[in-house]
Amino acid sequence: EAAVTQSPRNKVTVTGGNVTLSCRQTNSHNYMYWYRQDTGHGLRLIHYSYGAGNLQIGDVPDGYKATRTTQEDFFLLLELASPSQTSLYFCASSGTGGPYNYAEQFFGPGTRLTVL
Amino acid sequence: GDSVTQTEGQVALSEEDFLTIHCNYSASGYPALFWYVQYPGEGPQFLFRASRDKEKGSSRGFEATYDKGTTSFHLRKASVQESDSAVYYCALRTGGYKVVFGSGTRLLVSP
């Protein structure tokens with residue numbers, strides 16, 4: 001069973017604050033993802049990566065940076081947090097799933113971020 | 001771009017009722033289709049997938065059939081239980097890294 005962990009589980013910061021959310025996966029997956037989840041919007045992709053040093057832009061990237069330091073670790077950075085970034089954040093990983101890349105994703109437990 | 005539409009935002013049923021949650025997709029390629037389930041306080045978890053036309057995916061009594069003609073992958077269960085109460089997400093992947101999710105359907109099952 002793939003394991004994806006996230007820290008912290010809860011975070012409160014103020015507008016303009018600096019926040020780093022951490023994600024680690026221990027299943028040697030190539031792909032890692034950051035999503036935000038908001039009522040009425042489901043899961044929206046922020047950034048994703050297919051390996052250490054790689055970064056791809058998702059659908060809602062504004063105000064977020066990300067960095068993949070190793071195959072296991074993927075970080076999401078909010079350098080000037082705003083109240084609109086109050087949300088539940090999920091990290092996920094997936095393998096290759098063969099030549100057509102149809103592998104499922106494994107999600108972490110989430111980080112609830114509140115920006116006051 | 002690719003998209004997934006779930007028409008029901010919420011479904012309320014009683015135990016032993018039949019469940020249908022509708023999922024329609026739009027994709028330029030030939031996607032794999034997935035269902036995920038999310039219980040309160042947890043991250044989404046993979047339920048099952050189908051990757052070709054007419055293929056049926058199933059798990060835990062839930063099933064869905066890939067229909068390329070109607071671009072659908074509707075989730076069904078013959079007899080729901082209170083423990084099935086959760087949010088269900090339909091998703092697609094077209095062979096790249098990106099996965100597109102629908103907006104989710106909240107299922108409430110009363111005893």
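Heavy atoms from other residues, nucleotides or ligands lying under 6.0 Å from CD of Glu16(B) number 12 at most. The environment of NZ in Lys56(B) is sparse: at most 12 heavy-atom neighbours from other residues, nucleotides or ligands sit within 6.0 Å. The environment of Arg112(A) atom CZ is sparse: at most 12 non-hydrogen atoms of other residues, nucleotides or ligands sit within 6.0 angstrom.
Arg93(B) and Ser94(A) get closest at one heavy-atom pair: NH1-OG, 3.3 Å. When all heavy atoms of Gln105(A) and Tyr36(B) are compared, the closest pair comes out as N-OH, 2.8 Å.
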### Task
Give the intermediate values and the outcome of side chain to side chain contact (heavy atoms under 4.5 Å, CB included) for residues Glu42(B) and Phe90(A).
CA-CA 10 Å; Glu42(B) 299 181 9; Phe90(A) 286 102; over 6 Å; no
### Query
After noting the C-alpha distance and the side-chain angles of Tyr31(A) and Val99(B), does the key distance pass the side chain to side chain contact (heavy atoms under 4.5 Å, CB included) rule?
CA-CA 11 Å; Tyr31(A) 307 127; Val99(B) 179; over 6 Å; no
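Side-chain rings of Phe107(A) and Phe46(B) stay apart, their centers remaining 6.0 Å or farther from each other.
Scanning residues 42-77 of chain A against chain B with a 4.5 Å heavy-atom cutoff picks out Gly42(A), Leu43(A), Leu45(A), Tyr48(A), Tyr50(A), Asp59(A), ordered by number. For a heavy-atom cut-off of 4.5 Å, chain B lies close to Arg9(A) in residues 6-16 of chain A.
Hydrophobic clustering of Ile, Leu, Val, Met, Phe, Trp and Tyr side chains at less than 4.5 Å, counting indirect connections, unites Val100(B) with Leu75(B). One hydrophobic cluster holds both Val11(B) and Tyr88(B) under the rule that ILVMFWY side chains link at heavy-atom gaps under 4.5 Å. Both Tyr66(B) and Trp35(B) are assigned to one and the same hydrophobic cluster, defined by single-linkage of ILVMFWY side chains at heavy-atom distances under 4.5 Å. Tracing side-chain contacts under 4.5 Å through hydrophobic residues (I, L, V, M, F, W, Y), one reaches Phe62(B) starting from Tyr25(B); they form part of the same cluster. Under a hydrophobic-cluster definition in which Ile, Leu, Val, Met, Phe, Trp and Tyr are linked whenever side-chain heavy atoms come within less than 4.5 Å, directly or via other members, Val87(B) and Phe34(B) are assigned to the same cluster.
Between chain A and the options Gly43(B), Gly104(B), Pro44(B), Ser103(B), heavy-atom pairs under 4.5 Å are most frequent for Pro44(B).
With a 4.5 angstrom heavy-atom cutoff, Phe48(B) does not touch chain A via any of its atoms. Proximity to chain A (any heavy atom under 4.5 Å) is shown, for Gln6(B), by neither the backbone nor the side chain.
Atoms CD and CZ, from Gln37(A) and Phe101(B) in turn, are 10.0 Å apart once rounded to the nearest 0.5 Å.
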